[in-house]
2 protein chains.
Amino acid sequence: MEKKVTIYDLARELNVSPSTISRALQGHPGVGPELRKTVKRLAAKKAYKVNRNAASLRTKKSRTIAILVPKINDYFFNSVIAGIEIMARENNYTVIISQSNDEYETEVDVVNSLLSLNIDALIVSLSMRAKNYDHFKPFLTGGIPIVSIDRVTEEIMATKVFIDDYGSAYMGAAHLIEQGCRNLAAITGILDLKIYSERVRGFRDAIKDHNLPVREEFIYQCMLLSEDGKKAMDHFFVKPEDAPDGIFCSNDTTAIACIQDCRKRGILVPDDVAIVGFSNDPRSEIIEPNLTTIAQPAIEMGRVACEQAILQINKPKSLITSTDIILKTELVIRDSSRRK
Amino acid sequence: MEKKVTIYDLARELNVSPSTISRALQGHPGVGPELRKTVKRLAAKKAYKVNRNAASLRTKKSRTIAILVPKINDYFFNSVIAGIEIMARENNYTVIISQSNDEYETEVDVVNSLLSLNIDALIVSLSMRAKNYDHFKPFLTGGIPIVSIDRVTEEIMATKVFIDDYGSAYMGAAHLIEQGCRNLAAITGILDLKIYSERVRGFRDAIKDHNLPVREEFIYQCMLLSEDGKKAMDHFFVKPEDAPDGIFCSNDTTAIACIQDCRKRGILVPDDVAIVGFSNDPRSEIIEPNLTTIAQPAIEMGRVACEQAILQINKPKSLITSTDIILKTELVIRDSSRRK
DNA sequence: TATTTTTACACAATCGATTGCGTTTTTTTT
DNA sequence: AAAAAAAACGCAATCGATTGTGTAAAAATA
């Protein structure tokens, strides 16, 4: 079990001081060009790696960005993470990933444990069960920037990267109406989260703007799991003669559940009921009929979020600002809503 | 921008030495029970969090486990990661996740950068494009245990957690034969990796044991991407009159691509061609016909891998062993292979 | 050549927590 | 009550890298 090589080892071998080694490796001026080369060569030869703990302790910078999302094994967040990872790697940052499982307590827990890790920034998508946001305050008072993605809130002073939820939902609902639907239903996530309330607002406005009635009982609030999709269908179809002919879902999981449930009930999609999902999950191209859905630029969102995080890290702390970055979505029309 | 609270702050406030604070917080004997309570209370009140960098620097333990997988946004690895995350959290470990994108160079890159992070253990699934495994050596000589999962190799001295690839493939192929297939094809990953060569071996043996011929041209080696599935179909169907009537795929992505390609060609699944995939990806329950596939205990694999990592961390370094842990798989029979 | 400026490096403090060892105080033993 | 043992805590070194300041040598200037 060999010990790791330190700058002291290199210093001894070259008969210079450790400080010179450190400066040489960082390319500081004030170290002769020749010495610098010698040092770098020796460092490479002996497979020297900085001890990031030591460096972080001294500089109070860890070159680490933490990510906190509701679920790691979810297509959308996954892609966001992949995007962050790419940008982080390009900028020589390390990434730490955690999940809240959409539970408030876990979120608080994770956030607290991140506090001892000396991270440089936090990229977070809120859990569905938000109660308050006090657990994020130590970051802000500690000068650690927060970038909030997708599920954002005004209550945290943070750069926000998200999509035009209102417009996307409006687009989805309007599309259903254009396809001939007159009786729209929606499956939404918990309305405490702005992302979902905005989508419902867009959904409502699209209906109103087309002079159709908004049926409150056709707005089903849930955790957006597959079972919830089925429950929503049960709810919508208590009176089959007075059921919706178009469903706008706030994610693809519930949309797919609806399609599958329709098949069981012998309801034709899109002719009896047209369905639109949200996210453009890979499953949407596989389900029959293929699912019409709102495509979100997930990887791009990750990249941008990470970019913003790095920007904030390098900005004088007094200048912490709260930018909003809104990314474009796209309605991907497939067979689950296309009527001839 | 408030400074973080340190043990020195607590020490000053209570008029004791920092060492006592440290011991009190760790529950050391040698600190009076009353003082300990007082310290803990004050620490909680002032929201003290240990500085893990400082602690790690001193103890050479970071309570951090690194994960390296080919792709983060892949269902299987995702679930493995989720499993690791759960076990890590239970044991108060932090997890760092990186991906190699199935490229050798990236893998080397990532591994090297992990070297400066002072991780306690590495859990790795190899990239498809393995050339050699020298980049892992510094961990072993440095006393940092490696747990190798799924895509393992004998060439690294590590605890290995994987499935019975030979048996699983045998089971899959035998099932196809039982369903009446006489002319089997296989889509496999790069055969340099044991995981794939074992599957092909199982595939071969199942055919042989049923006294059927193994057609070498029907074993298609690729990176297992969706496009590869289509290319494989082109390859298998150059002579449609002499094409396979059953395909065993080493992952679900290619299996799904095959089903979709069959539809385009007007080939009936499972009647003309029966198809079996590998992993039990969520998409396999959505594709029509539903995909028969080998279910792997991905989350369990993550849990076990993490458990093993923690075991190794706490073991005297001289005792580094190389256990093999083989997890059970299950053939999930669905419509893509079930013939009446 | 004497003086100033520059260059190239060394010294030593510092970040915050941990821990072996030493010291003081209290308790136990004889 | 004196001696020994135990308990409770402090001192100071340590982990490895960074960085402000100090100093000697080399180069530039007068």
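Keep in mind that the numbers below use all heavy atoms, side chains included, and drop hydrogens, waters and symmetry copies. The chains referred to below are lettered A, B, ... by the order of the sequence lines, with proteins before strands, and numbering in each begins at 1.
Distance CG (B/Leu117) to C1' (D/dA17): 15 Å, rounded to an integer number of Å. Taking atom NZ of residue A/Lys49 and atom C1' of nucleotide D/dA17, one finds them 17 Å apart after rounding to whole Å. For A/Asn118 and D/dA17, the CG to P distance is 17 Å, given to the nearest whole Å. Taking atom CG of residue B/Asn53 and atom C1' of nucleotide D/dT14, one finds them 16 Å apart after rounding to whole Å. Taking atom CZ on B/Arg63 and atom C1' on C/dA17, their separation rounds to 15 Å, with Å as the unit. Following rounding to the nearest Å, B/Lys3 (NZ) and C/dT14 (P) show an atom-to-atom distance of 12 Å. Atom pair A/His28:NE2 and C/dA10:P shows a separation of 15 Å (rounding to whole Å applied). Remark: C1' of C/dC15 and NZ of B/Lys4 are 12 Å apart, rounded to the nearest angstrom.
Donor-acceptor pairing under 3.5 Å is recorded for the side chains of A/Lys71 and A/Asn101.
Taking the six-membered ring for Trp and thresholds of 30 and 60 degrees, A/Phe136 and A/Phe139 have ring planes inclined between 30 and 60 degrees apart.
Judged purely by atom type and a 3.5 angstrom limit, A/Thr59 uses its side chain to pair as donor or acceptor with the backbone of A/Ala55. In this structure a side-chain-to-backbone donor-acceptor pair under 3.5 Å is missing from A/Asp120 to A/Lys61. A donor-acceptor pair is defined here as one N or O able to donate and one able to accept, closer than 3.5 Å; no such pair exists between the side chain of A/Asn91 and the backbone of A/Ala88. When atom types are taken as modelled, the side chain of B/Asn73 and the backbone of A/Asn78 share no donor-acceptor pair closer than 3.5 angstrom.
Under the Watson-Crick or G-U wobble criterion, with both distances below 3.5 Å, C/dT30 is paired with D/dA1.
Heavy atoms of A/Ser19 sit under 4.0 angstrom from at least one base atom. Contacts of A/Gly32 with the nucleic acid, taken as non-hydrogen atoms under 4.0 Å apart, involve only primed sugar atoms and P, OP1 or OP2. Note on A/Leu35: only backbone sugar-phosphate atoms sit closer than 4.0 angstrom, heavy atoms only; bases stay farther off.
Comparing B/Ala54 and A/Gln26 along DNA chain D, the residue whose closest nucleotide (by nearest heavy atom) sits nearer the 5' end is B/Ala54. Nearer the 5' end of DNA chain D, as judged by each residue's closest nucleotide, is the contact made by B/Thr20, out of B/Leu57 and B/Thr20.
Annotation: side chain of B/Arg151 is not in contact with side chain of B/Lys194 (no heavy-atom distance under 4.5 Å).
Nearest nucleotide to the side chain of B/Arg23, out of C/dC9, C/dT19, C/dG16: C/dT19. Nearest to the side-chain atoms of B/Asn51 among the listed nucleotides D/dT19, C/dA17, D/dC9 stands C/dA17.
OP1 or OP2 of D/dG16 sits under 4.0 Å from a side-chain N or O of B/Lys60.
Both tests do not hold together for B/Arg129 against B/Tyr104: distance to the six-membered ring centre under 6.0 Å, angle to the ring axis within 45°.
The base of C/dG16 does not come close enough to the side chain of B/Arg52 for any donor and acceptor atom to sit less than 3.5 Å apart.
Within residues 7-18 of chain A, the residues that place at least one heavy atom under 4.0 Å from DNA chain C are, in residue-number order, A/Asn15, A/Val16, A/Ser17.
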